[in-house]
Amino acid sequence: MRAKKLILFVTIFAIAGVSLAIFQEQQKPREAIEIKQKTVLKIGTTNFVKVDNIIKDYYFSIFAAVLTHESLATIDERGNIVPHLVSWYTNDSRNWTLKLIANSTWHDGKPLTVEDIEFTIEYLKEKDPSYAVHFGFIESVDVIDSSTLLVRLNREWSMFPTVLLVPRLIPKHVWSKVDDPSTYSGPDRNIGSGPFIFESFDPASGKIRYIANKNYWKGSPSVDEVEITCFKTTDAMLMALKRGDIDITYAYAAGIDPMYVPALLKEKNISFIIMPNFGVDNSLWFNFQRYPYNITEFRIAISYALDYESYVNLITAGYGRVPTRGWIPDTWWYYSEKPKLARNISLATSILESMGFSDKDGDGWRDYPDGKPFKMGLLVRSDIPVNLRLAELVKRDLEDVKIRVEILPVDLSTFKTLVERTKDYDTLISRTTFWGMLTHAGAGTLYFDSRNMGWANVNDADYHKIVDEILRTHDQSQLKELYGKLQDLYAEKMYAIPLYWGEIIQPYRSDMIEGLIYDPMHGILNKKTLLSVKVKQ
Amino acid sequence: MMRLLKSFLKYFSLILIIVTLNFMLPRVMPGDPMVFIFGEEIYGIAVNNPELFAQFVEKYGLNLPLIEQYRIHIINFFTGDWGYSFSFGRPVFEIIAERLPFTLLLTFPATLMSLAIGIAIGLRIGWRPNRISSRITTSICLLIHSVPSYWLSMVFLLVFSLWLRFVPVGGAPRPDSTLIEAISHLILPFSVLLLFNTAYIAMIVRGLTVEVSEEEFIATAISKGLKHWKFSIRHLLRPSLPPLIFLTAIELGFTLSGALLVEIVFNWPGIGYTMLQAVVERDYPLIHATFTIVAVAVITANAIGDLLTGFLDPRVRNNGDIEN
């Protein structure tokens, strides 16, 4: 009995000792920071980085685009593409002249030249699968003089400046010696010309560190260091935000799920930046080349069956709006006003009945006009909880008009394969990014056109004609007219139904930082923020 | 000797089957590794450019007939050339060597400790199952085992990290961490695993003990007046050793596969999450390597368990099987 008591005492003593030591250790870093007076912007993200290679790791490359590397063009606060390192002009949408306007240097001190730009385009086009796609239309790049480049495309493309947003410029003197950039791990692999210099990546703790580039051509960053911590769950990331371990959370082209907002509102030190989404939040996409989704009346009937107000309330927690029939949100450059979507079950029912979609076998569900049972497949990504919830709501609404729906949750790889490669789906739920909205002929054409990514798989001749005209013209008034026609077509034909227009919700520690600026493409983490953000001491 | 040879052949065939399955399964899964090779935003554009798409499919050897891919896979497996990860762009051995120590640091001590504590608790509550203390302990073990590990991990994080602020919100310690810092990162995931494994093992040992305690030789042992711990080890534990050794072998074998949900909640950079990433991204070389290593570890542990059982139990040693 005495031995038992002794063991119990020793155990309690050991646990108390370890806890105390840990607690004291936890206090140490804060003291250290106070002494050094070094300002560190601490960012938490669920965009998980695996390897510090801009060619290989998608999310590391996203961070590189903002912190360590530079692109040729950038985005202003209204979503317009504006010059960054170069300005551009064209007379025919096929030959584009680029003028180097920045006096930028690489992190190793060497100047950034037009030869580096030429090299970046040619090297990445040859070596990297995604850049091979981005630069696929580039026929040639020629250096004209020390500040001028001529880029010749293999076809007319008015939206070419979107490509100038893409490259992370890399130094020729480093990469010309590297045959396979996807496996290169030399110490100079992350040399860029951006406002921060890559310092380290520790896969164990998931921390990436960057130090300020005091020689950055647009001015010295306002913080000394940036530390990004990768989290595997949003819950853990938000706990870190509440504790003050991180200053802001970040997710590329997205904010946090609105469902987390009520709990965060109780925290007095956490504030929010709420911005309109420049992409289109989740839409219901129809496979235009599959019956009956190729019938305009059918798609319109579906649009009347959906309860948009409930999506705004239940999915965005009120941080969103009911969209219009024109699909494109009012953040788009050439937005034209269209009627708001609204639920009208009797109208949906009468359209379906007039098309012959009625309950013929008496089982309570609508059948095809020829009597065969009808069931709509709804493909949705299983790794996005919001989309799963939304799919259940869409199913609920369509069941109100007696349409049987089968939700098909699949992982990202399967989703992409079914939707973009084999085109084996009836309908799907997915969102667009701002970058995606700009690509191809802009206005989301990337997601509609069957000749491109084409989630809606639209091979409608009227649609292709407008898209091709947009691709050819660089006249702004003509572009405005064409985009107007495109939105008319979206509203009239409803190739896809926007389910809600959400807002980007960005929480941050207002007691720890100030001076955040929002960018439609990269969100809260962008070069303007890095030059203006202040870490409070 | 013959028994050893038979065992070796049995386990070698098993490994061959596993290597084959690890090759086949990811390939019969829906999805395409090219999604992550091109990038999720680009894949849909790339498939509309068949020439370009084919060029990169060929670069990764995915254009070869399946039988040819399998032939290369088997040769590479037995020559130790397990290739480069599609998603990391690094040799798979390098990735495993980086992640496995974190997994073992967490799971190995937790498993060993839970075996010791679980057996002790199991013996105690199994010997007198109707005592109030035994019933309470059994209920606690059942409760712990039936609660999802993900949920318990979140509760631990909430209490010890957010409210009490004793420990950081997950992640492994940085290379320059002190011992105390390292412990502060390890203590929560370790505790969750320890609790879960202990509850599980205790319940199994309890069941075995209850069964053994009804045997006649137990009454004889009691009548000899042995001390409780001597009696427990000699008479209660010993007859349960063969199934316990197998249980231990399997538990230790699975320590290599990590603890996926615990790794996710605590942001632990172990092999379990790496396996999940490999599957999600259809990273064939990494799937082959990680799943094969785990399977081989489990088989090896089983083989050792097999040998030990033979050593401890004459019935197995003589007949190659346990007689009833």
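Below, chain A is the first sequence line, B the second, and so on; all start at residue 1.
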Chain B contact via [X] - side chain, backbone, both or neither, heavy atoms under 4.5 Å:
X: A:Y58; value: side chain
X: A:F60; value: neither
X: A:H440; value: neither
X: A:D180; value: side chain
X: A:L418; value: neither
X: A:W455; value: neither
X: A:T234; value: neither

| query | If we only count heavy atoms from C-beta on, is the B:V280 to A:L412 side-chain gap below 4.5 Å? | reply | no

| query | Around atom CZ of B:R27, are there more than 12 heavy atoms of other residues, nucleotides or ligands at under 6.0 Å? | reply |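 Buried by this count: over 12 neighbours within 6.0 Å.
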
| request: Inspect the surroundings of CG in A:D179 and state if more than 12 heavy atoms from other residues, nucleotides or ligands are less than 6.0 Å away. | output: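 Open.
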
Between [X] (side chain) and [Y] (backbone), is there a donor-acceptor pair under 3.5 Å?
X: A:R421; Y: B:V47; value: no
X: A:N452; Y: B:N48; value: no
X: B:R174; Y: A:D202; value: no
X: A:K416; Y: B:E41; value: no
X: A:T183; Y: B:G89; value: no

| message | Quick check on the interface: out of B:P33, B:P173, B:S87, who has the most heavy-atom pairs with chain A under 4.5 Å? | response | B:S87

Rounded distance (nearest 0.5 Å) linking atom [atom1] of [X] with atom [atom2] of [Y]:
X: A:T417; Y: B:Y43; atom1: OG1; atom2: OH; result: 4.0 Å
X: A:K56; Y: B:F36; atom1: NZ; atom2: CZ; result: 12.0 Å
X: B:N267; Y: A:F48; atom1: CG; atom2: CZ; result: 5.5 Å
X: B:F266; Y: A:K232; atom1: CZ; atom2: NZ; result: 11.5 Å
X: A:M239; Y: B:L157; atom1: CE; atom2: CG; result: 4.5 Å
X: A:S185; Y: B:R90; atom1: OG; atom2: CZ; result: 8.5 Å

Contact part of [X] toward chain A, heavy-atom cut-off under 4.5 Å: side chain, backbone, both or neither?
X: B:M154; answer: both
X: B:V169; answer: both
X: B:D32; answer: both
X: B:T274; answer: neither
X: B:I95; answer: neither
X: B:F38; answer: both
X: B:F102; answer: side chain
X: B:S161; answer: both

| message | Determine whether B:L52 and A:V133 satisfy the following criterion, side-chain contact (heavy atoms from CB on, under 4.5 Å), listing intermediate values before the conclusion. | response | CA-CA 8 Å; B:L52 176 80; A:V133 174; 3.5 Å; yes

| task | Given side-chain contact (heavy atoms from CB on, under 4.5 Å), test A:T233 with B:Y150 step by step and report yes or no. | result | CA-CA 11 Å; A:T233 64; B:Y150 187 86; 3.8 Å; yes

Minimum heavy-atom distance [X]-[Y], with the two atoms named:
X: A:A204; Y: B:P269; value: O-CG, 3.2 Å
X: A:K50; Y: B:E281; value: NZ-OE2, 2.9 Å
X: A:T439; Y: B:I45; value: CG2-CD1, 4.5 Å
X: A:R243; Y: B:P168; value: NH2-CA, 3.8 Å
X: B:G31; Y: A:S413; value: CA-OG, 3.4 Å
X: A:S205; Y: B:A172; value: CB-O, 3.3 Å

| Which residue out of A:D57, A:N53, A:T414 racks up the most heavy-atom pairs below 4.5 Å with chain B? |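 Ranked by heavy-atom pairs under 4.5 Å with chain B, first place is A:T414.
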
